[in-house]
Protein chains: 2
Amino acid sequence: MGMHEPFADRLAEAVLRCGNSAMVGLDPRRDLLPSSLRPGGDAPADWAESYRRFCWEVIDVVAGRIAAVKPQAAFFEELGPAGMDALASVIERAREAGLLVILDGKRNDIGSTAVAYARGYLGESSAWRCDAMTVSPYLGSDSLEPFFDVARERNCGVFVLVKTSNPGSGLLQDVEADGRTICERVADLVEAFNMEHAGRLGYGPAGAVVGATYPRELEELRERMPQTWFLVPGFGAQGGTADDVAGAFDAYGLGAIVNSSRGILYAYDRSPYRERFGEAGWRDAVSAALDAMIADLTRRDR
Amino acid sequence: MGMHEPFADRLAEAVLRCGNSAMVGLDPRRDLLPSSLRPGGDAPADWAESYRRFCWEVIDVVAGRIAAVKPQAAFFEELGPAGMDALASVIERAREAGLLVILDGKRNDIGSTAVAYARGYLGESSAWRCDAMTVSPYLGSDSLEPFFDVARERNCGVFVLVKTSNPGSGLLQDVEADGRTICERVADLVEAFNMEHAGRLGYGPAGAVVGATYPRELEELRERMPQTWFLVPGFGAQGGTADDVAGAFDAYGLGAIVNSSRGILYAYDRSPYRERFGEAGWRDAVSAALDAMIADLTRRDR
C-alpha cells in the first residue's frame with residue numbers, strides 16, 4: 001500500500017498480481033444510479049451520500065480483482081463541496097481496499113499553480129492522496145513539468161492526454177506540421193521525461209491517455225513511447241474492443257491499463273445483465289461485467 | 001445580481017459601471033499570506049480558514065471598484081475538501097458583494113462529463129454558482145460545445161484557453177498547418193459559436209483566454225474574434241503592461257478584462273507598497289495597487 005516504489009513499478013506489480021489490465025472508472029451519474037441508491041431528498045448532500053455509497057459498494061466488488069480505479073472528478077464536483085467530501089471518502093476507501101487510485105480530473109495550469117494541483121492530489125502527504133492523476137497539455141511543456149516533477153518525487157504518476165477517445169479529438173490532436181502531429185509532440189515530451197526517470201521495468205512516472213477508439217494511433221504511439229504507461233479509455237460503452245486495445249501492450253502484456261466506466265457500473269441496465277440480474281442485482285451485474293471484460297482482455301487467441 | 005441577462009452583457013455593464021477593465025485573481029498562497037492571517041495550526045482546515053478570511057478581506061477591498069474576481073481553484077483544491085468549502089464560501093461572498101465570479105479551473109472533458117462540470121459550476125441553479133469558468137480545449141470541439149451550451153442556457157460564460165501567457169505556450173498553440181495555428185483554430189471555434197449567440201452588444205457567451213505577454217497575438221486575435229470577450233492574464237507579476245494589453249479592447253474600450261493576481265494580493269511584499277504600508281497594512285497595499293492598475297489601464301494617452 002505504501003508509496004515507497006515508483007508508480008510505474010507499483011502499477012506493473014498490481015497488474016501482474018491481478019493478472020489483468022482492467023481498470024474501472026468510478027463515474028456516479030444521477031440518472032443511472034440503481035434506484036435503491038437514489039436519495040430521499042434532492043439536496044447536493046443527499047446525492048453526495050448516494051454517490052459515496054454507490055462507489056464504496058463498487059469498490060467492494062472490484063477490490064483484489066483489478067489494479068486500479070479511476071474516479072471521475074466531474075461528477076463529484078457537480079455536487080459542490082458535499083461532492084468533494086464524497087470524493088475524498090471514495091479515494092480513501094479505494095486505497096484501503098488496496099486499489100491504486102488514478103483521479104480523472106484533467107487538471108492543467110502553469111508554474112506554481114500546476115505545482116499546487118500536483119501537491120494537492122498526489123501522494124501520501126497530499127490532501128487527496130491519489131496515486132496518479134490525469135492532466136491536459138494545451139498550455140505546453142512548462143505546464144507539464146511541474147506535474148512530472150512532483151509525481152516523480154512522490155512516487156506517483158501523471159497521465160497526460162495525448163490522443164483522446166472522442167470523435168472530435170482530431171480537431172487539434174491530429175494537426176500535423178513539420179512531420180509531427182500535435183499528439184505526437186505531446187507524446188515525445190512525455191516519453192523524453194520517462195527516458196530520464198524510468199523505474200525498474202523501464203517505465204517512467206509520466207503516462208499517456210490514448211483512446212481505445214483509435215487502434216492505429218494506439219499502436220503507433222505504443223511504438224513511439226516504449227517507456228510510457230498508457231491509460232486507455234473508450235473501452236466498452238464508447239465502442240472500443242479488446243482487439244482495438246491489443247496494440248497498447250508491450251511484449252509482456254504490460255504498459256497499458258484499460259478503463260471501462262459505464263459498461264461496468266451500470267451493467268444492470270443493459271443486456272445480458274439486465275435479464276440475468278435485474279436492477280436489484282446491480283452489484284452482481286458489476287461483478288459479471290467485470291469478469292467479462294477481464295476475460296475479453298486476457299483472451300490468448302488474439 | 002441576478003443572471004437574467006446574457007453573461008457578455010452583464011460583464012459589459014459591470015465594466016462600464018466601474019469604469020475600468022481590471023479583474024483581481026484570488027490566489028491564496030501559503031508562502032505569501034500576510035503573517036497576521038497565517039493559521040496557528042498546520043492542518044488543511046486551518047489553512048482553508050486562513051484562505052477564506054484572506055479572500056473575504058480582499059473582496060471587501062475591491063468590491064464596487066472592479067467588475068469581476070477570478071478565484072484560482074488550484075490553491076483551494078490543494079487543501080482537500082476543507083479547501084473546497086472555503087472556495088464555495090469565497091464565491092458566495094464575492095457574489096453578495098456584487099462581483100462577477102469567473103472560476104479559473106481550466107476544466108475539460110467530453111460529452112456528459114463536460115456537461116457535469118458546466119452544470120456544477122455555472123449559474124444560480126448550480127452547486128458552485130459561478131458566472132463563468134475557464135476551460136481547456138485540447139480534447140476538441142465536442143469537449144467545448146457542452147460548456148458553451150450550458151453557459152448560454154444559464155446566461156453564463158466560458159473562457160477557453162486560446163493563447164496563454166506562459167513562456168512554453170507556443171509548443172502546441174503556435175504550431176501552424178494549412179495557414180492556421182492551433183490557437184487560431186481554437187479562436188475560430190469560439191468565435192463561430194458567438195456569431196450565432198451574440199448578446200445586445202455583439203458579444204457571445206464563449207470567451208477566450210489570451211495572455212498579456214503576447215501583445216502581437218493579442219491584437220491579431222482581437223481582430224479575428226470581434227464577438228468574443230477576452231480574459232487577459234499575465235498582467236503585472238507575469239510582465240504584461242498596459243501597453244501590451246491595449247490591443248485587446250474594441251473601439252469602445254470593451255471586450256477584454258485584464259487580470260492581476262499576485263501583483264495586487266501581495267503588493268505589501270514589494271516596492272513601493274512595502275515601504276508605504278508594511279505587512280500590517282496589506283489591505284491598504286491591495287487597495288493602492290488596484291488603484292495603480294486601474295489608473296494604468298485607463299490612461300488616455302496610450
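Remember, predicted model here, so these are calculated numbers, not experimental data. Reminder, nothing fancy here: chain letters follow the sequence lines and each chain counts from 1.
- Contact count against chain B (heavy-atom pairs under 4.5 Å) is highest for A/P137 among A/S143, A/P137, A/C183, A/G170.
- The pair B/E49-B/R52 counts as a salt bridge, with a side-chain nitrogen and a carboxylate oxygen less than 4.0 angstrom apart.
- Of the possible polar contacts, none joining the A/S141 side chain to the B/G168 backbone as a donor-acceptor pair under 3.5 Å is found.
- Residues B/R262 and B/D27 are not paired through a salt bridge, judged by the lack of any N-O separation under 4.0 Å between the basic side chain and the carboxylate.
- Of the two parts of B/S165, only the side chain, counted from C-beta on, holds a non-hydrogen atom closer than 4.5 Å to a non-hydrogen atom of chain A.
- At a threshold of 4.0 Å, the pair B/R107-A/E77 counts as salt-bridged, since one of the basic side-chain nitrogens sits closer than that to a carboxylate oxygen.
- Ranked by heavy-atom pairs under 4.5 Å with chain A, the list B/A127, B/G120, B/G140, B/A116 is led by B/A116.
- Ranked by heavy-atom pairs under 4.5 Å with chain A, the list B/G111, B/S112, B/S126, B/A73 is led by B/S112.
- Heavy-atom distances place no part of A/L144 under 4.5 Å from chain B, backbone and side chain included.
- Highest contact tally toward chain B, considering only A/R30, A/K163, A/Q72, is held by A/Q72 [criterion: heavy-atom pairs under 4.5 Å].
- Residues B/T164 and A/I110 are not in side-chain contact: their nearest non-hydrogen atoms beyond the backbone lie 4.5 Å or more apart.
- Using the six-membered ring where Trp is involved, A/Y121 and A/Y117 have ring planes that are parallel, under 30° apart on the 30 and 60° scheme.
- Here B/R224 does not pair with B/E191 in a salt bridge; the nearest charged N to carboxylate O distance is not below 4.0 Å.
- Taking the six-membered ring where the residue is Trp, the centroids of B/F159 and B/F147 are separated by 6.0 Å or more.
- When the candidates B/L79, B/N108, B/V175, B/T134 are compared by the number of heavy-atom contacts under 4.5 Å with chain A, B/N108 comes out ahead.
- Among the candidates A/V186, A/I182, A/D85, the residue making the largest number of heavy-atom pairs closer than 4.5 Å to chain B is A/I182.
- Neither the backbone nor the side chain of B/L87 comes within contact range of chain A; no heavy atom of the residue lies under 4.5 Å from a heavy atom of that chain.
- Ranked by heavy-atom pairs under 4.5 Å with chain B, the list A/A88, A/P44, A/S136 is led by A/S136.
- Between chain B and the residues A/D104, A/L171, A/N166, the largest count of heavy-atom pairs under 4.5 Å involves A/N166.
- Interface summary for chain B: among A/R119, A/Q173, A/R29, A/R185, the most heavy-atom pairs under 4.5 angstrom belong to A/Q173.
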